[in-house]
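Have a look at the structure below, then the notes.
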Amino acid sequence: MADVMALTKKQFKLSGLGTPIVLLAVLAMMVLPMPPLFLDLMFTFNITLALVVVLVTVYTKRPVEFAAFPTILLVTTLLRLSLNVASTRVVLLEGHQGPSAAGHVIESFGSVVVGGNYAVGLVVFAILILINFVVVTKGAGRISEVSARFTLDAMPGKQMSIDADLNAGLLTQEAASARREEIAMEADFYGAMDGASKFVRGDAVAGVMILFINILGGVAIGMGQHDLDFSTAIRFYALLTIGDGLVAQIPSLLLSTAAAIMVTRQNVDHDIGEQVIGQMLSDPRALYISALIMGMLGIIPGMPHVAFLGLGSVVAVGGYFINKSKQDKIDDAELVAKKAEPAPKDTSNELKELSWDDVEPVDPIGLEVGYRLIPMVDKAQDGKLMSRIKGVRKKLSQELGFLISTVHIRDNLELSPNGYRISLMGVPTSEAEVYPDRELAINPGQVFGRLEGIATKDPAFGLEAFWISPDQKEQAQTLGYTVVDASTVVATHLSQLLQDHAASLLGHEEAEQILKRLAVSAPKLAEELVPGALPLSILVKILQNLLSEHIPVRDIRTIAETLAEYAPRSQDPDALTSQVRVALGRMIVQTVSPGVEEMPVITIEPSLEQILQKSIQVSGAEGGIEPMLAEKLQQSLKDVAQKQEMEGQPAVLLVNPALRLLMARFSRYAAPNMHVLSYHEIPDNKQIRIVATVGQ
């Protein structure tokens, strides 16, 4: 055991030495003379490393999976430049001995690759420089710059999209954190690639300079110090220099190509081969037309018939097999669909006696979809809506404190093809349309341009939005829009409706389950509450009153203790609800105004309060407000609520406890987003600040 621990400590101490060793090796090659054998090994290693990097970029599915690429690009560039310095030293010192003076790798590239002709070598080297410097490096650098800029501009929109999915229950906190980290990594990667492309560009320039320095310096040294004639000196040093340049430029071109592949590929979960095959060879018509053109060129007199006709035949055969493969997949899908069709109904027993089984119960929550939306709810077709609806139910159940009923989904041919309808307790509540092949760009309030698409309104919140094609997503996020897919739109709409109608979803069965959960932790309290202090029907009414004002019933222990205390005095659900609200005051205030030391509130003028209290005394809790006064009060509440929303603050109306129920019911129509609290519901340690007063 001690030996294992000692070995682990030793590995830990050595794990951080890789980078310093590489830097020392680079520095040593620049300063110290290197033998030709070592140069052969390092040049071979440099070419191998470049090939490995290119293949890694080809098989990497998403750019951020190879986030170390900019650093590798820098290290390989420094390694290549240090090898150039080391080889230059050897060429200038030993070049008079002949083409083999700098090692076999340089000699091979100078003699075998270009046939020993330094004029041909200069032309080949110049072409490689042009390809690397003008075509690959320049294009990759421009794409890196644009990608970095657009990625940074799109970050706010992507963050808002994550927040929207998190609020809709489509993402867990861990998944949202992972997506935020991925977005940050993507921005860092493209920013680093923008800088790393400058290394490759500078390396190409350095290769040209080193070429001229080696040739001019070598000829001067050969003729001046080693008494070589000009033709011999130019032959020795030119071949060595060209071999050295080719050995350096080939891996440089490979790495430039790797950089270009990395920044031009799409950020999807496929490698290059899958993308090319899936996109270029998906339609056999392109292959058929290409084969026809090749065949027509092949029959023209004077053209190379074998090459054109042979290649055209190969392309035509490839198109045939692709078309056959697609047709086989369609046939298999139709066969599966036929197998999945329900068997024809047996009509022999149509005259049998009716029973209660023929009466279908009403679904608490129903979702009907048009026929074009069926793939969204079909798991066999990778429909995402089912899992997102499950996420919505889970999130709302955790927030509200009771289990949200199952959402029953069915198709309805009476709806428009892209339409859907949400029903609660069998009653249609809301309808909208979505486009499965498009994405919804929502204007959150501040955007920097207009999009081309189908103008609409966000069905959940009524915000201005556009249905756009998927390739416009990056542009929309850059302009500040929040972009979501069709499944997210339906799930968010459903989530908002369930929150607004939570009271109607809680019945006797749900209340019974809540009491069973309470009995596990506080059995005496649960037994004392129902049926000891209250019948179950009154408890259901109290819980519905809380949910109707967006107060969750998670803290059932506090609710039960309060009801057990005040139920012997009164059985009125509204009076008991008021007492429960006081007990839950800290949670209510925290929900309305989280993390704020001083809560802004709206109050009512004392004279108006007296009028409203008299109306309660005369007409009871429902209150009979004179029509003209009711109209003015409604408009005043609407104005102050809109003003608070424009300032980014919650609209909170603070009133006398006797008026709270009346004003809550009244403001539900005048200002649905207004929270009506009584003085007793404000905790002692909470500060308030009056920002507006509502008068006559």
Side-chain angles (χ1 to χ4, degrees), residues 64 147-187 190 266-268 373 376 384-385 387-389 391-392 395-396 399 418 420 422 430 432-500 594 642 645-650 673:
V64 291
S147 298
R149 184 185 307 156
F150 276 92
T151 301
L152 291 174
D153 291 342
M155 281 188 68
K158 292 180 179 179
Q159 296 284 3
M160 294 180 66
S161 178
I162 294 173
D163 294 338
D165 288 348
L166 180 63
N167 294 332
L170 308 180
L171 289 176
T172 62
Q173 192 67 40
E174 294 76 12
S177 300
R179 284 183 58 179
R180 290 192 183 98
E181 183 179 354
E182 182 179 344
I183 291 174
M185 288 178 60
E186 185 179 354
Y190 284 110
Q266 292 180 326
N267 196 14
V268 294
L373 306 187
M376 293 172 55
K384 300 178 181 178
L385 186 56
S387 60
R388 295 192 173 181
I389 289 177
V392 167
K395 181 175 182 291
L396 290 180
E399 290 181 351
N418 293 322
Y420 68 91
I422 301 175
S430 184
E433 285 192 355
V434 295
Y435 295 85
D437 56 341
R438 290 176 173 260
E439 305 213 3
L440 186 66
I442 304 171
N443 182 355
Q446 183 178 5
V447 294
F448 305 101
R450 190 172 179 85
L451 293 171
E452 293 294 333
I454 303 174
T456 184
K457 294 285 185 181
D458 169 38
F461 305 103
L463 300 175
E464 180 187 17
F466 296 91
W467 285 105
I468 60 175
S469 58
D471 57 2
Q472 293 179 271
K473 181 176 180 180
E474 295 289 341
Q475 176 193 359
Q477 291 177 335
T478 303
L479 295 176
Y481 288 86
T482 300
V483 183
V484 294
D485 59 14
S487 297
T488 304
V489 173
V490 178
T492 305
H493 190 191
L494 177 64
S495 175
Q496 188 64 28
L497 284 179
L498 295 182
Q499 290 184 62
D500 293 340
Q642 289 178 349
E645 291 179 2
M646 292 295 293
E647 295 177 357
Q649 297 180 347
N673 295 328

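Quantities reported herein were computed from a predicted structural model and do not represent experimental measurements.
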Min side-chain heavy-atom separation Pro444-Leu463 under 4.5 Å: no

Non-hydrogen side-chain atoms of His493 and Ser430 separated by less than 4.5 Å: yes

From Leu498 atom CG to Ile389 atom CD1, the distance as rounded to the nearest 0.5 Å: 9.5 Å

Minimum heavy-atom distance between Arg438 and Ser469, given as atom pair plus value: NH1-N, 3.9 Å

Leu440 and Asp458: CA distance, side-chain angles, deciding distance, side chain to side chain contact (heavy atoms under 4.5 Å, CB included) verdict: CA-CA 8 Å; Leu440 186 66; Asp458 169 38; 4.2 Å; yes

Flag if over 12 foreign heavy atoms under 6.0 Å of CD, Glu452: no

Gln496 to Phe461 - nearest heavy-atom pair and separation: OE1-CE2, 3.2 Å

Asp437: partners by side chain to side chain donor-acceptor pair (under 3.5 Å), with sequence neighbours left out: none

Spacing of Ile468 atom CD1 and Lys473 atom NZ [to the nearest 0.5 Å]: 9.0 Å

Listed partners of Glu645 passing salt bridge (charged side-chain N to carboxylate O under 4.0 Å, His left out), at least two apart: none

Arg388/Asp485 under side chain to side chain contact (heavy atoms under 4.5 Å, CB included): CA gap, chis, key distance, verdict: CA-CA 12 Å; Arg388 295 192 173 181; Asp485 59 14; 2.7 Å; yes

Leu497 CG to Ile422 CD1 distance, which is reported to the nearest 0.5 Å: 4.5 Å

CA sep, side-chain torsions, deciding dist, call: Gln472, Phe466, side chain to side chain contact (heavy atoms under 4.5 Å, CB included): CA-CA 11 Å; Gln472 293 179 271; Phe466 296 91; over 6 Å; no

Point-to-point distance, once rounded to the nearest 0.5 Å, from CD of Glu439 to OG1 of Thr482: 12.5 Å

Check against side chain to side chain contact (heavy atoms under 4.5 Å, CB included), Ile442 and Tyr481: CA-CA 5 Å; Ile442 304 171; Tyr481 288 86; 5.9 Å; no

Heavy-atom pair of closest approach, residues Val434 and Tyr420: CG1-CE2, 3.7 Å

Closest non-hydrogen atom pair between Val392 and Ala491, with its separation: CG2-O, 3.7 Å

Non-hydrogen atoms of Met376 and Pro436 that approach each other most closely: SD-CG, 4.0 Å

4.5 Å side-chain heavy-atom contact, Val484 and Thr492: no

